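The basis for the numbers below is simple: all heavy atoms, side chains too, and nothing from hydrogens, waters or symmetry mates. As the structure is a computational prediction, the values presented were derived from the model and not from experiment.
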Amino acid sequence: MSTSPPTSPVPGYGRITVLLHWLIALLIVAAFALGMVMVDIEGITPSKLRYFSWHKWLGVTVLALTAVRLLWRLTQTAPPYAQPMPRWQALVSRLTHGALYLLMFAVPVSGYFYSLAAGVPVVYLGMLPLPVFIDADPVLKPVLKELHENLAWLLFALVVLHLLAVLKHQLIDRDGLLWRMLR
């Protein structure tokens, strides 16, 4: 059960890709954790309002960095796997990564529109008001809230699946896949 780098070189992702991967991952974990904390606070308190603002800022940052990451990814080829992967695993990997990208856009966008439907504009970092695309809508608000929450849980589930796959490759297959993203 070795967790040390493989002795033979494993092709890895470039520094920008690795930086964007881990930064976005950290921000998603922070936004999810903050979302879990803030919804459990009773009533409207200064702390709850502050957490909602931070949560929105994290979401906007994830959205922007994901756009940068996708544009970067479209210009870079992924390094080859050190060992051949069964076709079904390669397919599941592609589908999961595609779904992760989709959700890294859909979760913040749904939260943004939920906030607008609630009549609360998003002001990034408390300084930059973002465009208001829809008016407050009491009918749309609960629909967007539920959509945002369901998409966030789906993203959580896919992140767990992604982590389990990484552990499988690291601990069972020992194929050096993890080291592609740790350089």
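- Side chains of W179 and Q170 form a contact here, defined as non-hydrogen atoms less than 4.5 Å apart.
- Sorted by first and then second residue, the side chain to side chain donor-acceptor pair (under 3.5 Å) pairs involving residues 31-50 (not counting sequence neighbours) are S47-R50.
- In this structure, V123 shares a hydrophobic cluster with no other residue, the cluster being traced through Ile, Leu, Val, Met, Phe, Trp and Tyr side chains under 4.5 angstrom apart.
- Closest approach of V143 to V139, counting heavy atoms only: CG2-O, 3.7 Å.
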Mind running side-chain contact (heavy atoms from CB on, under 4.5 Å) on R69 and I16 for me, showing each step along the way? CA-CA 9 Å; R69 182 175 176 187; I16 292 174; over 6 Å; no
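- Sorted by first and then second residue, the side chain to side chain donor-acceptor pair (under 3.5 Å) pairs with a member in residues 106-129 read K56-S115, T61-Y124, S110-H148; sequence neighbours excluded.
- Hydrophobic clustering (side-chain heavy atoms under 4.5 Å, transitive across Ile, Leu, Val, Met, Phe, Trp, Tyr) groups V107 together with F133.
- The two residues L144 and A117 make their nearest non-hydrogen contact at CD1-CB, 3.8 Å.
- Taking the side chain to side chain contact (heavy atoms under 4.5 Å, CB included) definition, one finds that V39 meets it with nothing, sequence neighbours left out.
- Among all heavy-atom pairs drawn from P121 and G119, the shortest one is CD-O, 3.5 Å.
- Residues passing the side chain to side chain contact (heavy atoms under 4.5 Å, CB included) test with M36 are F32, W153, sequence neighbours excluded.
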Tell me which donor-acceptor pairs under 3.5 Å the side chains of residues 17-31 have, and how far apart each pair is, sequence neighbours excluded?
residue	atom	partner	partner atom	Å
T17	OG1	W72	NE1	3.0
W22	NE1	M181	O	2.8

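- Closest approach of W57 and G126 over heavy atoms only: CZ2-N, 3.2 Å.
- The hydrophobic cluster containing V120 does not contain I134, counting ILVMFWY residues as joined when their side-chain heavy atoms lie under 4.5 angstrom apart, directly or transitively.
- For D137, there are no salt bridge (Lys or Arg N to Asp or Glu O under 4.0 Å) partners two or more places apart in sequence or in a different chain.
- Each of L178 and L100 belongs to its own hydrophobic cluster when Ile, Leu, Val, Met, Phe, Trp and Tyr are linked at side-chain heavy-atom distances under 4.5 angstrom.
- Note on L58 and V68: same hydrophobic cluster, where clusters join Ile, Leu, Val, Met, Phe, Trp and Tyr whose side-chain heavy atoms are under 4.5 Å apart, directly or indirectly.
- Contact between G59 and P108 at its shortest, heavy atoms only, is O-CB, 3.4 Å.
- Between F156 and V159, the closest side-chain pair of non-hydrogen atoms is not below 4.5 Å.
- With sequence neighbours left out, the side chain to side chain contact (heavy atoms under 4.5 Å, CB included) criterion links L167 to L171.
- Note on residues 143-172: pairs passing salt bridge (Lys or Arg N to Asp or Glu O under 4.0 Å), not counting sequence neighbours, are K168-D173.
- Applying the ring pair (Phe, Tyr, Trp, His ring centres under 6.0 Å) test to pairs two or more places apart or on separate chains, those with a residue in residues 88-108 are H97-H162.
- From L103, atom CG reaches atom OG1 of T66 across 10.5 Å, with rounding to the nearest 0.5 Å.
- Every residue two or more places apart in sequence or in another chain was checked for a side chain to side chain contact (heavy atoms under 4.5 Å, CB included) with R87, and none qualifies.
- Membership of an apolar cluster is not assigned to L102, as no side-chain contact below 4.5 Å to another ILVMFWY residue is traced.
- A continuous path of ILVMFWY side-chain contacts below 4.5 Å connects L130 to V62, so both sit in one hydrophobic cluster.
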